[in-house]
Amino acid sequence: MYAIGIDVGGTNLAAGLVDETGALLCRAECPTCAERHQNEVLDDVAALTVQLAEQAGGLDEITALGLGLPGVVDVRRGELIFADNLGWQHVLIGEEMKKRLPLPVFAGNDANVAALAEARCGAGKGVESAVMLTLGTGIGGGIILNGKIYTGAHYVGGEIGHFILETNGRLCNCGVRGCFERYASATALILAGRKALSENPTGAIGRAAAGNPGEVTARLVVELAREGDRQATAIWEEYLHYLLTGMVSLVNLFDPEVFIIGGGVAAAGDFLLEPLRTRLPRMVSFTDADQARIELATLGNDAGIIGAAMLGL
Ligand SMILES: [Zn+2]
């Protein structure tokens with residue numbers, strides 16, 4: 001049994017042939033060119049599907065096509081309600097694809113399907129419940145409950161980056177103040193690093209970035225914290241405090257079997273995992289109960305493709 005999953009990004013269409021175990025057997029890719037009319041992009045989605053199906057012996061061998069879309073998706077109707085990256089609104093993707101392909105078509109939010117893939121066959125390996133946190137430019141991810149993506153009644157649930165951590169806090173791109181991602185994304189580390197540079201240009205951060213705020217990356221801050229630099233350590237400790245505070249709320253709401261941590265900050269590896277694993281159990285209220293595991297995501301960029309395919313498997 002095979003399905004095809006396509007991660008429809010603002011830059012690329014990344015497609016893969018996936019078997020029922022979640023193994024990615026082969027992949028194909030083409031640029032999205034999102035400025036085109038959506039029909040042209042969907043023609044390319046269909047062409048990639050046909051191209052990959054040939055590897056499995058033809059479209060008859062394919063159970064379904066699954067699409068991961070960068071926006072709010074009505075999963076029951078197969079409708080993309082809106083996607084800022086693509087500039088699309090109210091596109092009936094399921095119907096459009098059925099005009100092009102003789103296959104059942106399923107669609108979901110891209111971050112949510114990546115969480116599904118990690119829960120089923122990545123870091124979670126078959127857990128029933130998981131919360132994935134993708135610590136990147138913002139915080140993406142998803143909530144998996146009873147083995148399924150939790151989307152909410154209006155498909156805007158699971159927006160983990162935007163629960164409010166700090167009242168009257170930092171202004172978020174979403175227009176609200178104090179969102180989790182303003183404090184615990186890679187961007188939060190970068191902005192704190194730049195602030196440290198401007199306050200102390202001759203410090204380790206300033207020297208490593210040659211005085212250029214544009215050179216301050218999350219990786220640089222993490223590396224200097226790892227080396228024990230005082231300014232970088234203070235930034236990293238504040239970062240961990242906010243991340244853990246958010247995770248405590250997520251435990252109280254969902255009590256997942258596992259937290260799966262992905263995104264750029266996850267590259268810190270054990271330097272990130274160890275304090276999370278040590279401190280989270282001390283911060284939650286129900287200390288007598290078993291605790292959520294905390295793991296790094298294992299599927300990388302393939303999670304979006306595999307999770308999209310899993311919608312149809
Ligand atoms: Zn927000």
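Counting starts at 1 for both ligands and their atoms, in listed order. What you are looking at is a predicted structure, and each value in this text was computed from that prediction instead of being measured.
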Do E96 and R100 meet the salt-bridge criterion of a basic N to acidic O distance under 4.0 Å? yes
Compute whether any side-chain donor of one residue and acceptor of the other, for R76 and Y155, lie under 3.5 angstrom apart. yes
Hey, which protein N/O/S atoms does the Zn ion (ligand 1) have under 2.8 Å? H162 ND1, C172 SG, C174 SG, C179 SG
Can K125 and E295 be counted as an ion pair, charged N to O under 4.0 angstrom? no
Hey, is E29 close enough to R27 for a salt bridge, meaning N to O under 4.0 Å? yes
E166 bridged to R170 by N-O distance under 4.0 Å: no
So, taking the atom named CE in M283 and the one named CD in Q291, what distance separates them when rounded to the nearest 0.5 Å? 12.0 Å
